[in-house]
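Notes to accompany the following structure.
Sequential numbering from 1 along the given sequence is applied to the chain's residues.
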Amino acid sequence: MNNTIFDDVFRTMIEKMPYLAVPLINEVFHTSYSENVPIVQLRNEHQQENGEIITDSCLKIAGKLYHIECQSVDDTTMAIRMIEYDFSIAIENAQKQGRKYRMDFPKSCVLYLRSGKNTPDFLEIEMVLSDENIVHYWVPTMKLETYTRNSIFEKNLLMLLPFYIMRYEKDIHEMSENPEMFQSLLNDYEEIRINLERELSGADKTALYMNLNKLIIKIADYICRNEKTVRKGIGEIMGGKVLELESERLERLQKEAEAEAKAIGEARGIAIGEAIGEERLSTLLNRLIMDGRSAEIQSVVTNAETRKRLYKEYGILPE
């Protein structure tokens, strides 16, 4: 199985949307960081004599190190891997105090996307030091299957949403042949879409909404790759056509629209240019996206009559 897709999606969120990790850290370590707490992303590549090891995430929040690994299967060697990762992080951030060094191990956890009855709540290693002192190294685990749709939104664990389809993984084929089960899945994703729109309403969160949706679709397409009906159903519910735009494409369309407005203004006079000005056009584009009408965006960009009609429909009137 191609596990890199799960790693890629998780690392994308950590690198591009690190604030999504804050509620997860609060959940695992019982902290209470606010969503706008300053976050420092530390290097994830660590060189060792036997080669390079790459961790999924290493963040510094309020002076403390946090390390999160996303694991798609229950690997029994994970405890050894985690202590290797954590030791590398601790060495890299060691502080020299005179002739002595202080190494602070990060607070670490493993997010299991798939788990079973034998998946432990803690990974543990008993280390016997050279002086025969025993140190217990343990790492808490987080299991996707224990979080429902409601608990994800109650705890603001939006980082789990792209992987939510994996709760249904074993039943995907049956769903494609059972209308009731299939409709139950679609109802679940309809609630996810509604809740996500509510949580991320506002122009400043439009890009996050679109990018999260893209990742949700990416994982769902992979898990449902052999079940076209299920894959298509989730894509339509989550607004696949809108998601294909992404924040970068939306920005490009807005720039094109602004250039079009400027050209029309020069060709037909200031009055027309003002009528399709940047602020009104940006407002209209955002409204269309939130209403799932992305198919009309191209026409809005190129057709003055379409713009005029939609301005009227949405009550976006000139000053």
Side-chain angles (χ1 to χ4, degrees), residues 1-14 16-17 20-21 23-25 27-28 56-57 68-76 78 81-82 109-121 123 139-178 180-196 199 211-240 243:
M1 179 171 288
N2 177 17
N3 292 327
T4 61
I5 187 173
F6 306 119
D7 298 333
D8 291 346
V9 167
F10 183 79
R11 287 172 183 161
T12 294
M13 288 189 286
I14 287 291
K16 305 296 184 182
M17 302 166 261
L20 292 181
L24 189 149
I25 288 171
E27 171 73 4
V28 175
D56 283 344
S57 72
I68 308 169
E69 287 292 316
C70 182
Q71 187 69 12
S72 60
V73 294
D74 185 0
D75 183 350
T76 58
M78 199 63 197
R81 289 169 53 195
M82 287 300 289
C109 75
V110 178
L111 168 62
Y112 281 107
L113 302 180
R114 300 185 182 98
S115 55
K117 62 180 182 180
N118 294 322
T119 305
D121 294 328
L123 305 177
V139 172
T141 66
M142 186 179 193
K143 303 167 191 175
L144 175 67
E145 68 173 5
T146 64
Y147 292 89
T148 64
R149 182 192 72 233
N150 289 336
S151 65
I152 285 174
F153 282 100
E154 286 170 2
K155 298 180 178 185
N156 200 30
L157 297 171
L158 303 186
M159 180 171 269
L160 299 183
L161 288 177
F163 309 111
Y164 185 77
I165 187 63
M166 298 176 74
R167 289 172 53 92
Y168 293 102
E169 189 172 14
K170 295 177 182 178
D171 302 317
I172 292 296
H173 178 67
E174 186 176 356
M175 285 177 176
S176 67
E177 300 179 346
N178 186 318
E180 290 186 5
M181 291 180 66
F182 181 41
Q183 189 58 52
S184 177
L185 174 69
L186 295 184
N187 291 343
D188 212 3
Y189 269 88
E190 176 67 17
E191 288 298 319
I192 287 175
R193 183 187 63 79
I194 292 171
N195 288 332
L196 197 56
E199 291 291 328
N211 290 331
L212 256 183
N213 268 278
K214 181 189 175 187
L215 297 179
I216 290 171
I217 294 294
K218 185 179 181 71
I219 295 295
D221 281 351
Y222 178 76
I223 295 296
C224 306
R225 60 193 179 279
N226 296 323
E227 306 297 339
K228 181 179 179 180
T229 300
V230 179
R231 187 173 69 249
K232 181 180 178 183
I234 294 176
E236 290 177 349
I237 288 290
M238 297 306 297
L243 302 179

Quick one: pull up [atom1] in [X] and [atom2] in [Y] and give me the separation to the nearest 0.5 Å.
| X | Y | atom1 | atom2 | result |
| --- | --- | --- | --- | --- |
| I172 | E227 | CD1 | CD | 7.5 Å |
| S72 | F10 | OG | CZ | 12.0 Å |
| H173 | M181 | NE2 | CE | 11.0 Å |
| L144 | L157 | CG | CG | 10.5 Å |
| E177 | T229 | CD | OG1 | 9.5 Å |
| L215 | D8 | CG | CG | 10.5 Å |

Yes or no on salt bridge (charged side-chain N to carboxylate O under 4.0 Å, His left out) for E169 and R114, after CA distance, side-chain angles and deciding distance? CA-CA 10 Å; E169 189 172 14; R114 300 185 182 98; 2.8 Å; yes
Taking [Y]'s backbone N and O only, do any of them form a donor-acceptor pair with [X]'s side chain (distance below 3.5 Å, no angle check)?
| X | Y | answer |
| --- | --- | --- |
| R225 | Y222 | yes |
| N195 | E191 | yes |
| S57 | I68 | yes |

Taking all non-hydrogen atoms of both residues, which atom of [X] and which atom of [Y] are closest, and how far apart?
| X | Y | answer |
| --- | --- | --- |
| T141 | Y112 | CG2-CE1, 3.6 Å |
| M142 | V28 | SD-CG2, 3.8 Å |
| L160 | L24 | CD2-CD1, 4.5 Å |
| F182 | G233 | CZ-CA, 4.3 Å |
| D75 | Q71 | CB-NE2, 3.4 Å |
| I217 | G235 | CD1-CA, 3.6 Å |

Reference residue L185; test side-chain contact (heavy atoms from CB on, under 4.5 Å); the match among V230, I237, D171: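 In the set V230, I237, D171, the residue that makes a side-chain contact (heavy atoms from CB on, under 4.5 Å) with L185 is V230.
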How are the rings of F163 and F6 set to each other: parallel, tilted or perpendicular (split at 30° and 60°)? tilted
Test N156 against E199 for side-chain contact (heavy atoms from CB on, under 4.5 Å), laying out the working first. CA-CA 9 Å; N156 200 30; E199 291 291 328; 4.2 Å; yes
Any pair with a residue in residues 139-162 that passes salt bridge (Lys or Arg N to Asp or Glu O under 4.0 Å), sequence neighbours left out, goes on the list, sorted by first then second residue, please.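 Listed by first then second residue: E27-K155, D121-K143, R149-D188.
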For T148, side-chain contact (heavy atoms from CB on, under 4.5 Å) partners two or more places apart: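 Counting only residues at least two positions away or on another chain, T148 forms a side-chain contact (heavy atoms from CB on, under 4.5 Å) with N150, S151, R167.
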Test of understanding: with side-chain contact (heavy atoms from CB on, under 4.5 Å), list the residues that count as partners of N187, not counting sequence neighbours. Q183
What verdict does the side-chain contact (heavy atoms from CB on, under 4.5 Å) test give for N211 and K16, after you've listed the backbone C-alpha separation in whole Å, the side-chain angles of each residue and the deciding distance to 0.1 Å? CA-CA 10 Å; N211 290 331; K16 305 296 184 182; over 6 Å; no
